Amino acid sequence: MTDRLTIRRPDDWHLHFRDGAVMREVVPYTARQFARAIVMPNLTPPVTTTQLAAAYRDRIVAAVPEGVRFTPLMTCYLTDNTDPDDLARGAGEGVFTAAKMYPANATTNSAAGVTNVENLYPVLARMEAEGIVLCIHGEVTDHSIDVFDREKEFIERHLRGIVAVFPKLRVVFEHITTSDAVDFVMASGPQVAATITPQHLHINRNAMLVGGIQPHNYCLPVAKRETHRLALRKAATSGSPKFFLGTDSAPHLRKDKESACGCAGIFGAPYALESYVTVFDEEGALDRFEGFASLHGPAFYGLPVNEDEVTLERAEVAVPPVLHVMGEEIVPWHGGQSLGWNFLG
Ligand code: NCD
Ligand code: ZN
């Protein structure tokens, strides 16, 4: 039995840091484990220009603890009014690593998102030409579509079209939650990949709805039925370079989750690697963890892998039921549970 696992230092290919005091308190959790992270731009107001992204990047860098090496990789929030010249300039200057498409009102802080995906085609054409990666929140917002079907419907209504019209555009289908998404990614060319969160590997929708409503298991896209969770576990541990780590760590204060209208988002950063490696261990796939966590993402983005290494050991870790941000309580993913792997650094 493997009791210690040493791998290249991983990166987190999708997370939310927020801004201001919250950001300053959550960045160290990610910087403890990861060398880089793709930072989502859904602030209020959103990060829509090179100038806003450069300033946000500086604020994040200032929040990295002394002596820790961590690089935020910035994304441009695409809107109906995105200026392709500014996006291309930002990518050329190394400010933007990717651009993020939210269908308007699909999730937290997405009101400024794209109202009609096809309206964005001129921008996507420019991104394809410039080699800029497109990150997609893949859910339709049509009220007539059941919330559990919104990802599958997005594939049929929009994603197939985008991939067909822009065959060279690199697309990350983010935080996938269904076997339909796994099948779509597997059937697509090497320019299409997906991130998978720890929560979608650990829980199905029962964890959100059985025994009383469980707001700390609520995020978007929502967890689906068990068959989908099993498909995601198979994909993540398959060794396919199309799947890589993206926590979708999305901090919301406890009071904002435990509310009559609770926020969507799970704060996965503090014990992210411990959470993922547990899944790989359960699946008998520890030998494939490095690929998922540390190699497939850089290969897709065309970035070097990290030079240094991290070690995890088989040992019980108790995840605190609550952490504190700005003197307020925040519940981490797995809060109050124990995990069988410990991160040694
Ligand atoms: C994210 C957030 O809170 O910003 N929430 C979530 O449930 N995942 C937004 C997102 O990635 O959808
Ligand atoms: Zn997200």
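Order of appearance sets the numbers: ligands from 1, and atoms from 1 within every ligand. Owing to the predicted nature of the structure, the values given are computational and were not obtained by experimental measurement. Note that these values count all heavy atoms, side chains included, but never hydrogens, waters or copies made by symmetry.
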Item to check | Stepwise ring-ring contact (aromatic ring centres under 6.0 Å, His included) check, H202 with H200 | outcome: CA-CA 6 Å; H202 277 277; H200 294 111; over 10 Å; no
I'd like the atom pairs linking ligand 1 to the protein - N or O on both sides, separation under 3.5 Å - with distances to 0.1 Å.
from: ligand 1; atom 1: 3 (O); to: R18; atom 2: NH2; distance (Å): 2.8
from: ligand 1; atom 1: 3 (O); to: T108; atom 2: OG1; distance (Å): 3.3
from: ligand 1; atom 1: 3 (O); to: H252; atom 2: NE2; distance (Å): 2.8
from: ligand 1; atom 1: 3 (O); to: A264; atom 2: O; distance (Å): 3.1
from: ligand 1; atom 1: 4 (O); to: H16; atom 2: ND1; distance (Å): 3.3
from: ligand 1; atom 1: 4 (O); to: R18; atom 2: NH1; distance (Å): 2.8
from: ligand 1; atom 1: 4 (O); to: R18; atom 2: NH2; distance (Å): 3.4
from: ligand 1; atom 1: 4 (O); to: N42; atom 2: ND2; distance (Å): 2.8
from: ligand 1; atom 1: 5 (N); to: A264; atom 2: O; distance (Å): 3.1
from: ligand 1; atom 1: 7 (O); to: L220; atom 2: N; distance (Å): 2.7
from: ligand 1; atom 1: 7 (O); to: A264; atom 2: O; distance (Å): 3.3
from: ligand 1; atom 1: 7 (O); to: G265; atom 2: N; distance (Å): 3.1
from: ligand 1; atom 1: 8 (N); to: L220; atom 2: O; distance (Å): 3.0
from: ligand 1; atom 1: 8 (N); to: D248; atom 2: OD2; distance (Å): 2.7
from: ligand 1; atom 1: 11 (O); to: H16; atom 2: NE2; distance (Å): 3.0
from: ligand 1; atom 1: 11 (O); to: D248; atom 2: OD1; distance (Å): 3.2
from: ligand 1; atom 1: 12 (O); to: T107; atom 2: OG1; distance (Å): 2.7
from: ligand 1; atom 1: 12 (O); to: H137; atom 2: ND1; distance (Å): 3.4

Checklist entry - Should the pair F184 and F173 be assigned to parallel (<30°), tilted (30 to 60°) or perpendicular (>60°) ring geometry? => result perpendicular
Checklist entry - Taking the inter-plane angle between the rings of Y301 and W13 on a 0 to 90° scale, is it parallel (under 30°), tilted (30 to 60°) or perpendicular (over 60°)? => result parallel
Item to check | side chain to side chain contact (heavy atoms under 4.5 Å, CB included) between R9 and F34, intermediate numbers included | outcome: CA-CA 6 Å; R9 185 176 292 277; F34 298 100; 5.8 Å; no
Checklist entry - For the ring pair F166 and Y121, is the centre-to-centre distance below 6.0 Å? => result yes
Checklist entry - Between Y77 and Y102, does the ring centroid distance fall short of 6.0 Å? => result yes
Checklist entry - How close do I136 and K100 get, heavy atom to heavy atom, and via which atoms? => result C-CE, 4.3 Å
Next on the checklist: Applying the side chain to side chain donor-acceptor pair (under 3.5 Å) criterion to H158, which one of E139, E118, E153 satisfies it?
Outcome noted: E118
Checklist entry - What is the distance from atom CG of L312 to atom CZ of R314, rounded to the nearest 0.5 Å? => result 11.0 Å
Next on the checklist: No waters, cut-off 2.8 Å: how many protein N, O or S atoms are close to the Zn ion (ligand 2)?
Outcome noted: 3
